[in-house]
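Positions are given from 1, in the same order as the sequence printed here.
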Amino acid sequence: MGGVVGGAVGGAAVGAGLGAAMSGREHRRPDGTVERDPANFDELRAGRREVQEGGRTVIREPGGRTIFREDGRMIIRSDDADRFRSGPGEHRMERRGGEFVYYARRPGGPMIVTYTDPGGRLIRRSMLGPDGREVILIDNAPRPGGSYFVPLPPPVIAIPRERYIVEGDDAPYADVYGALVAPPVERLPRPFTLDEIRYSPQVRARMPSVDLDSLTFDTGSWVLSPDQIGRLGVIAQALKAAIDRNPREVFLIEGHTDAVGSPEDNLSLSDRRAESVAVALQERFGVPAENLTTQGYGEQQLKVQSQGPERRNRRVTVRRITPLLAEAGPAGAAPAPR
C-alpha cells in the first residue's frame with residue numbers, strides 16, 4: 001500500500017497533520033445518516049461491506065466512499081461536497097427534488113453551490129453571484145446511454161516530455177505554472193463530463209500534468225504531516241496564479257500508489273490521500289476549494305512498470321481539466337439559499 005510513500009497524498013488538520021482531522025470525523029450522507037470516517041486502515045477494512053448489485057460488485061467503505069468492480073475495471077467514488085463542509089464561513093444543505101444542494105461561502109468569497117445525487121455523486125458545481133446568476137464550473141450530468149469510460153487512442157505528444165509531465169519536485173515555478181495553464185496536446189473530439197475525465201485515462205492524457213513524487217506518508221496512512229505540507233508551496237502558488245487568471249479553472253488532484261498491496265486497498269488509500277492534498281492546498285495555502293476536484297487511481301497507472309515497492313509510482317498528479325469539461329458558463333438564476 002505504498003510503504004512510506006514517496007509521493008502520494010494525505011489528510012486535513014493542523015498540528016497533527018492534514019489527514020488527522022479527516023480520520024474519525026463524522027460524515028453526514030445526503031440521506032441523513034451519519035457515519036464516522038475510519039481512524040486508520042485496519043478500521044477502514046473492518047468497516048467495508050461488499051454486495052452484488054446489477055451484475056457488479058459494490059464495496060461500501062465507512063466515511064462515504066464506494067468502490068465499484070465491473071467488466072474488469074475498478075473505480076472509487078467519494079462525496080465531492082465533503083471538502084466544503086468544514087472551515088470558516090457559511091455552510092448549509094437542502095434537498096431540491098432528487099438532488100441535494102450544498103451552499104458554502106468562505107469569508108470574502110463567492111457562494112459556491114454544489115449539487116449531488118442522493119449517493120453523493122457530483123452533478124454540478126457553480127459560483128453564485130450577488131445578482132443570483134449562476135456560473136457553472138463543473139457540469140457532470142451523465143450523457144444519455146453513455147458510459148463513464150471513453151475509449152480514445154493515446155494522444156500524439158508533440159511537445160517535449162519535460163513539458164508534458166513536469167516533475168514538480170525539482171522544476172522551476174515557470175515550468176509548473178506553464179503546465180497548469182497549457183492547452184490540450186491535441187484537438188479534442190468533444191467536451192467531456194467530469195466522470196468521463198476521471199475514469200478515462202486517455203481523456204486525461206490530452207492534458208499536461210505536474211507530478212509530485214516526494215510527498216511522504218506512513219504505510220497505510222493518508223495523513224500529510226506538517227513537515228510535508230511545505231512541499232506543496234510551489235504547486236499552490238502556481239494554482240492560485242492560474243485561478244487568478246481565470247476563476248473558472250478546474251484542476252484534478254490525482255492519487256497514485258505502487259503495486260504493493262491489494263488493488264482495493266491501494267485505490268482507497270490513493271483517493272483519501274488525494275483528498276488530503278486538496279484540503280492542504282485550500283486550508284494552508286488558500287487555493288479555492290471550488291477549483292479543485294480529486295480522484296484516486298491506486299496502482300492502475302504505474303509510472304514505472306514494477307510490481308514491487310517503487311517511490312516514483314507513489315505520487316500525486318495535478319492536472320488542468322478545464323478544456324476537457326463540457327462547456328461551462330452562465331446558466332441563469334440558481335436557487336438562492338433560504
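- With 3.5 Å as the limit, one finds no donor-acceptor pair spanning the side chains of Thr193 and Asp195.
- Remark: Arg45 CZ to Asp265 CG distance equals 4.0 Å, nearest 0.5 Å.
- Here Glu53 pairs with Arg60 in a salt bridge; the nearest charged N to carboxylate O distance falls below 4.0 Å.
- Counting only distance, with no hydrogens or angles, the side chain of Ser270 and the backbone of Gly298 share a donor-acceptor pair below 3.5 Å.
- Judged by distance alone, the side chain of Ser126 and the main-chain N or O of Leu128 form no donor-acceptor pair under 3.5 Å.
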Determine whether Arg49 and Glu61 satisfy the following criterion, salt bridge (charged side-chain N to carboxylate O under 4.0 Å, His left out), listing intermediate values before the conclusion. CA-CA 7 Å; Arg49 299 294 180 266; Glu61 295 189 339; over 6 Å; no
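- With hydrogens and angles disregarded, a donor-acceptor distance shorter than 3.5 Å links the side chain of Arg319 to the backbone of Met207.
- Residues satisfying the side chain to side chain donor-acceptor pair (under 3.5 Å) test with Asp169, not counting sequence neighbours, are Ser214.
- Other residues, nucleotides and ligands contribute only 12 or fewer heavy atoms inside 6.0 Å of the CZ atom of Arg187.
- Under the 6.0 Å distance and 45° angle rule, Arg124 counts as a cation-pi partner of Tyr115.
- Rounding to the nearest 0.5 angstrom, the gap separating the CD atom in Glu264 from the CD1 atom in Ile76 is 10.0 Å.
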Could you please spell out the steps behind the side-chain hydrogen bond (donor to acceptor under 3.5 Å, both in side chains) verdict for Asn291 and Glu249? CA-CA 6 Å; Asn291 298 99; Glu249 292 283 11; over 6 Å; no
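- Counting heavy atoms from C-beta outward, Leu325 and Phe192 have side chains that stay 4.5 Å or more apart.
- Between the Arg48 side chain and the Leu44 main chain, no donor and acceptor come within less than 3.5 Å of each other.
- Under a hydrophobic clustering in which Ile, Leu, Val, Met, Phe, Trp and Tyr are joined whenever their side-chain heavy atoms come within less than 4.5 Å, directly or via other members, Val51 and Ile75 fall into the same cluster.
- Using a distance-only test at 3.5 Å, with no hydrogens or angles considered, no donor-acceptor pair links the side chain of Asp211 to the main chain of Thr317.
- Under the 4.5 Å side-chain heavy-atom criterion for ILVMFWY residues, a single connected hydrophobic cluster contains both Phe285 and Phe251.
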Side chain to side chain contact (heavy atoms under 4.5 Å, CB included) between Glu254 and Arg204, intermediate numbers included:
CA-CA 11 Å; Glu254 306 172 9; Arg204 295 192 305 278; 3.6 Å; yes
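- Cluster membership for Leu239 and Val181, using ILVMFWY side-chain heavy atoms within less than 4.5 angstrom, is shared.
- Using a 3.5 Å distance cut-off with no hydrogens or angles, the side chains of Glu275 and Thr294 do not pair a donor with an acceptor.
- Within the model, atoms CE of Met127 and CZ of Arg133 stand 13.5 Å from one another, a figure rounded to the nearest 0.5 Å.
- Under a 3.5 Å cut-off, the side chain of Arg69 and the backbone N or O of Met74 do not form any donor-acceptor pair.
- Counting all heavy atoms, side chain and backbone alike, Pro118 lies closest to Phe100 at CA-CE1, 3.6 Å.
- In this structure the side chain of Val58 never reaches within 4.5 angstrom of the side chain of Ile67, judged on heavy atoms.
- Without hydrogens or angle criteria, Glu283 side chain to Val279 main chain gives no donor-acceptor distance under 3.5 Å.
- With a 4.5 Å cut-off on side-chain heavy atoms, Leu180 and Ile235 count as touching.
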What do the steps show when you test Ser209 against Arg320 for side-chain hydrogen bond (donor to acceptor under 3.5 Å, both in side chains), and what is the final call? CA-CA 7 Å; Ser209 62; Arg320 180 188 185 220; over 6 Å; no
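- In terms of modelled atom types and a separation under 3.5 Å, the side chain of Arg163 and the main chain of Asp175 share no donor-acceptor contact.
- Residues Thr57 and Gln52 have side chains that bring a donor and an acceptor to within less than 3.5 angstrom of each other.
- Taking CG of Asp79 as the start and CG of Leu122 as the end, the distance is 9.0 Å to the nearest 0.5 Å.
- The closest side-chain heavy-atom distance from Arg206 to Leu324 is below 4.5 Å.
- Taking the ring axis of Tyr199 as reference, the NZ or CZ atom of Arg73 does not stay both within 45° of it and closer than 6.0 Å to the ring centre.
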Practice problem: Decide side chain to side chain contact (heavy atoms under 4.5 Å, CB included) for Tyr164 and Val185; before the verdict, give the C-alpha distance in whole Å, the side-chain angles of both, and the deciding distance to 0.1 Å. | Solution: CA-CA 8 Å; Tyr164 176 60; Val185 296; 3.8 Å; yes
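- Side chains of Arg125 and Thr114: a donor on one and an acceptor on the other come within 3.5 Å.
- Leu302 and Leu215 fall into different hydrophobic clusters, where Ile, Leu, Val, Met, Phe, Trp and Tyr side chains are chained together by heavy-atom contacts under 4.5 Å.
- Going from atom OG1 of Thr293 over to atom CD1 of Ile321 covers 6.5 Å, rounded to the nearest 0.5 Å.
- A donor-acceptor pair is defined here as one N or O able to donate and one able to accept, closer than 3.5 Å; no such pair exists between the side chain of Gln300 and the backbone of Leu267.
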Show your working on side chain to side chain contact (heavy atoms under 4.5 Å, CB included) between Ile253 and Leu281 and close with a plain yes or no.
-> CA-CA 10 Å; Ile253 312 297; Leu281 289 168; 4.1 Å; yes
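- One side chain, Arg272 or Ser268, offers a donor N or O that lies under 3.5 Å from an acceptor on the other.
- Between Arg190 and Glu196 there is a salt bridge, since a side-chain N of the basic residue sits under 4.0 Å from a carboxylate O of the acidic one.
- A heavy-atom distance below 4.5 Å is found between the side chains of Arg121 and Asn140.
- Smallest separation of non-hydrogen atoms from Pro38 and Pro62: CD-O, 3.4 Å.
- The backbone N or O of Gly296 lies less than 3.5 Å from a partner atom in the side chain of Asp271, making a donor-acceptor pair.
- The shortest heavy-atom contact between Ser200 and Tyr148 is OG-O, 3.1 Å.
- When all heavy atoms are compared, the tightest approach of Pro155 to Ala205 is CG-O, 3.5 Å.
- In this structure the side chain of Asp258 never reaches within 4.5 angstrom of the side chain of Glu299, judged on heavy atoms.
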Practice prompt. Would you sort out whether Arg106 and Glu90 count as a salt bridge (charged side-chain N to carboxylate O under 4.0 Å, His left out), showing the intermediate values?
Written response: CA-CA 6 Å; Arg106 62 184 179 278; Glu90 176 184 349; over 6 Å; no
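- Atoms CD1 and CG, on Ile123 and Leu194 in that order, are 12.0 Å from each other to the nearest 0.5 Å.
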TODO: Any chance you could lay out the side chain to side chain contact (heavy atoms under 4.5 Å, CB included) test for Tyr103 and Met93, step after step, and finish with the verdict?
DONE: CA-CA 6 Å; Tyr103 298 94; Met93 179 191 78; over 6 Å; no
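- A heavy-atom distance below 4.5 Å is found between the side chains of Gln282 and Arg83.
- Under a hydrophobic-cluster definition in which Ile, Leu, Val, Met, Phe, Trp and Tyr are linked whenever side-chain heavy atoms come within less than 4.5 Å, directly or via other members, Val176 and Ile165 are assigned to different clusters.
- The shortest heavy-atom contact between Tyr297 and Arg198 is OH-O, 2.6 Å.
- Residues Pro309 and Val260 approach most closely at N-CG2, 3.4 Å, considering heavy atoms.
- With respect to the salt-bridge test (charged N to carboxylate O, under 4.0 angstrom), the residues Glu94 and Arg92 qualify.
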